[in-house]
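Accompanying notes for the structure given below.
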Amino acid sequence: MVDEIFNNFLSRPNVEQPILTQYCDGKNVSCPNWLSQWGSKALGDQGYSAIEILRNYYGSSIYINETEEISGIPSSWPGYNLVVGSTGDKVRQMQRQLNVISGAYPRIPKIAEDGIFGPNTENAVKVFQQVFGLTQDGIVGFKTWYKISQIYVGVSRIAELV
């Protein structure tokens, strides 16, 4: 679930700093008026949406926003799936990252970094998805793109250079 929502964040109008939210399990620790696991569950059981639950605890001026750019990775998801037949710089970038990853995970085959998403790239993506527990469809969608980016940063140690 976290992989699906990690690019969401809370905000308030005209507030630039991050919004601090606190969480309490509601069983081991009692935290009146704080967001709590069981209090949230009870509201969900009553049909409250995620934003309605948050507003119950943090007031009506809280919003859930989404960003397409995620800090700490080489490049954000292009906003569309990369599939067999896709071409361009985003395909080339993904191929390059998979080749770097394959150095640490040799089950992932090396592929041409030509910017053309062909059968060999599809196969490398499927093997990557298998190794990292993703749906093995050979499509580089949102989840696969960010998993490739995450693993690439880890194996290339790019994060240490920043």
Side-chain angles (χ1 to χ4, degrees), residues 1-11 18-19 21 23 25 35-55 57-58 62-162:
M1 183 59 153
V2 170
D3 288 342
E4 294 177 16
I5 64 170
F6 81 107
N7 62 325
N8 292 349
F9 61 96
L10 299 179
S11 68
I19 303 296
T21 57
Y23 170 81
D25 73 3
L35 179 66
S36 70
Q37 178 179 354
W38 298 107
S40 297
K41 182 194 179 310
L43 293 174
D45 289 345
Q46 295 173 42
Y48 281 55
S49 67
I51 190 64
E52 290 169 331
I53 293 170
L54 288 166
R55 288 180 176 163
Y57 289 99
Y58 300 112
I62 198 96
Y63 293 90
I64 300 174
N65 290 312
E66 183 176 316
T67 184
E68 291 184 14
E69 294 194 26
I70 310 298
S71 178
I73 61 167
S75 179
S76 292
W77 183 59
Y80 53 87
N81 292 343
L82 301 178
V83 297
V84 171
S86 297
T87 60
D89 290 338
K90 291 293 186 177
V91 173
R92 184 175 291 107
Q93 175 189 351
M94 177 266 301
Q95 291 169 327
R96 183 172 44 253
Q97 291 176 354
L98 282 176
N99 281 339
V100 170
I101 292 167
S102 74
Y105 295 87
R107 282 188 52 211
I108 301 168
K110 296 274 188 186
I111 50 178
E113 297 176 18
D114 58 5
I116 300 169
F117 197 124
N120 291 338
T121 298
E122 180 184 39
N123 181 55
V125 170
K126 284 181 179 179
V127 173
F128 174 88
Q129 290 169 328
Q130 180 184 35
V131 168
F132 292 100
L134 301 170
T135 301
Q136 297 171 52
D137 56 11
I139 297 170
V140 180
F142 184 88
K143 289 171 91 171
T144 298
W145 178 272
Y146 282 113
K147 182 56 86 172
I148 290 170
S149 294
Q150 174 193 12
I151 302 303
Y152 170 75
V153 167
V155 300
S156 68
R157 302 185 185 265
I158 195 171
E160 295 177 4
L161 302 175
V162 179

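One is the number of the first residue; the rest follow in order along the sequence. Basis for what follows: all heavy atoms, side chains included, without hydrogens, waters or symmetry-related copies.
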> How many angstroms lie between atom OG1 of Thr121 and atom CG of Asp114, to the nearest 0.5 angstrom?
Replying inline: 6.5 Å
> Gln129 side chain to Ile139 main-chain N or O, any donor-acceptor pair under 3.5 Å?
Replying inline: yes
> Is there a side-chain contact between Thr87 and Val91 (heavy atoms, below 4.5 Å)?
Replying inline: no
>> Once rounded to the nearest 0.5 Å, what's the spacing between atom CD of Glu113 and atom CZ of Arg96?
In response: 6.0 Å
> Between Met94 and Val125, is any pair of side-chain heavy atoms under 4.5 Å apart?
Replying inline: yes
>> For the backbone of Val83 and the side chain of Ser86, can you confirm whether one donor and one acceptor N or O come within less than 3.5 Å of each other?
In response: yes
> Is there a donor-acceptor contact under 3.5 Å from the side chain of Gln97 to the main chain of Ile151?
Replying inline: no
> Which atom names give the shortest non-hydrogen contact between Leu98 and Ala124, and what distance separates them?
Replying inline: CD1-CB, 4.3 Å
>> Less than 4.5 Å apart, side chain to side chain, heavy atoms only: is that true for Phe128 and Leu134?
In response: yes
>> Could you tell me if the side chain of Tyr48 sits less than 4.5 Å from the side chain of Arg55, heavy atoms only?
In response: no
> Which pair of heavy atoms, one from Ile111 and one from Asn120, lies closest together, and at what distance?
Replying inline: CG2-O, 3.5 Å
> Is the shortest heavy-atom distance from the side chain of Trp145 to the side chain of Leu82 under 4.5 Å?
Replying inline: yes
>> Within a 6.0 Å radius of atom CG on Asp89, are there more than 12 heavy atoms belonging to other residues, nucleotides or ligands?
In response: no
> Tyr146 vs Phe142 aromatic rings, parallel, tilted or perpendicular, using cut-offs 30° and 60°?
Replying inline: perpendicular
> Which heavy atom in Pro109 sits nearest to a heavy atom in Asn99, and how many Å separate them?
Replying inline: O-OD1, 4.2 Å
>> If I take atom CD from residue Gln136 and atom CG from residue Asn123, how far apart are they, to the nearest 0.5 angstrom?
In response: 10.5 Å
> In Å and rounded to the nearest 0.5 Å, what is the CG to CD distance from Leu43 to Gln46?
Replying inline: 5.5 Å
